Amino acid sequence: EVQLLESGGGLVQPGGSLRLSCAASGFTLSTHAMTWVRQAPGKGPEWVATITSSDERTYYGDSVKGRLTISRDNSKDTLHLQMNSLRVEDTAVYYCARSFRGVLINFDCWGQGTLVTVSS
Amino acid sequence: QSALTQPASVSGSPGQSITISCTGTSSDIGGYDYVSWYQQHPGKAPKLMISNVSDRPSGISNRFSGSKSGNTASLSISGLQAEDEADYYCSSYTSRTTLIFGGGTKVTVL
């Protein structure tokens, strides 16, 4: 069964850092573009970042550029999101998602999400 | 970049058909056939219902269909069922190599 499992969320103070991980099972992570999507409480989803499968090009949303970094460890089938200089507005459930074909589109598998709360 | 525009809510009785619109610009919906639709039940992750404007992933009921005209995409649900009650979000690839989502539509089955 194809599955994604996020971890690493929690409470952090403004300006702090956090590293999220997403473990893939049932498929080979290296063959798919992977994406982080977040959803603030009561709001719609917001695209955060994407990393391609082959050449590991990265793409970021304007609100996180320069602060969040997406990476992948294909040997461990794990996706990461390094989050620095966190702001209150980064508070959200963070999902990792797989593109079954293409990049930045068609997310056919999602994790259950991990909650990040930025508050003093 | 502003979110795609969706109606806040749509409702229908069991067995009826409903349509949800998603309006963007020529830089996103109008420029590419990369519109997706997601269903989200409370407390759950989104689920892909339609990809590439009108393709149904394996396992998705043929009661769900997608289309596009100009800068507006649409999701139609026929034979409305109680289990269809959820939030629905559209998304589109953009000319800036980004992805934007719609604000979401709450579907209520009366």
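Protein chains get the first letters and strands the later ones, always in sequence-line order, with residue 1 at the start of each. What you see is a predicted model; the values in this text were computed from it and never measured.
The ring of B/Tyr32 has its center closer than 6.0 angstrom to the ring center of B/Tyr93. In this structure, the ring of A/Trp110 has its center less than 6.0 angstrom from the ring center of B/Tyr38.
Contact annotation for A/Val37: only side-chain heavy atoms (C-beta onward) come within less than 4.5 Å of a heavy atom of chain B. For B/Ser91, no part lies near chain A; criterion is any non-hydrogen pair under 4.5 Å. For a residue to count as touching a neighbouring chain, one of its non-hydrogen atoms must lie under 4.5 Å from one of that chain's; by this rule B/Asn52 touches chain A with backbone and side chain alike. Both the backbone and the side chain of A/Phe107 come within less than 4.5 Å of a heavy atom of chain B. Heavy atoms closer than 4.5 Å to chain B are found in the side chain of A/Gln39, but not in its backbone.
The pair A/Asp108-A/Arg101 fails the salt-bridge criterion, with no side-chain N (NZ, NE, NH1 or NH2) lying under 4.0 Å from an Asp/Glu carboxylate O. Of the charged side-chain nitrogens involved, at least one lies within less than 4.0 Å of a carboxylate oxygen, so that A/Lys65 and A/Asp62 count as a salt-bridged pair. No salt bridge links A/Arg72 with A/Asp77; every basic N to acidic carboxylate O contact stays at or beyond 4.0 Å.
The candidate from B/Gly104, B/Gly43, B/Pro46, B/Gly103 with the greatest count of non-hydrogen atom pairs under 4.5 Å with chain A is B/Pro46.
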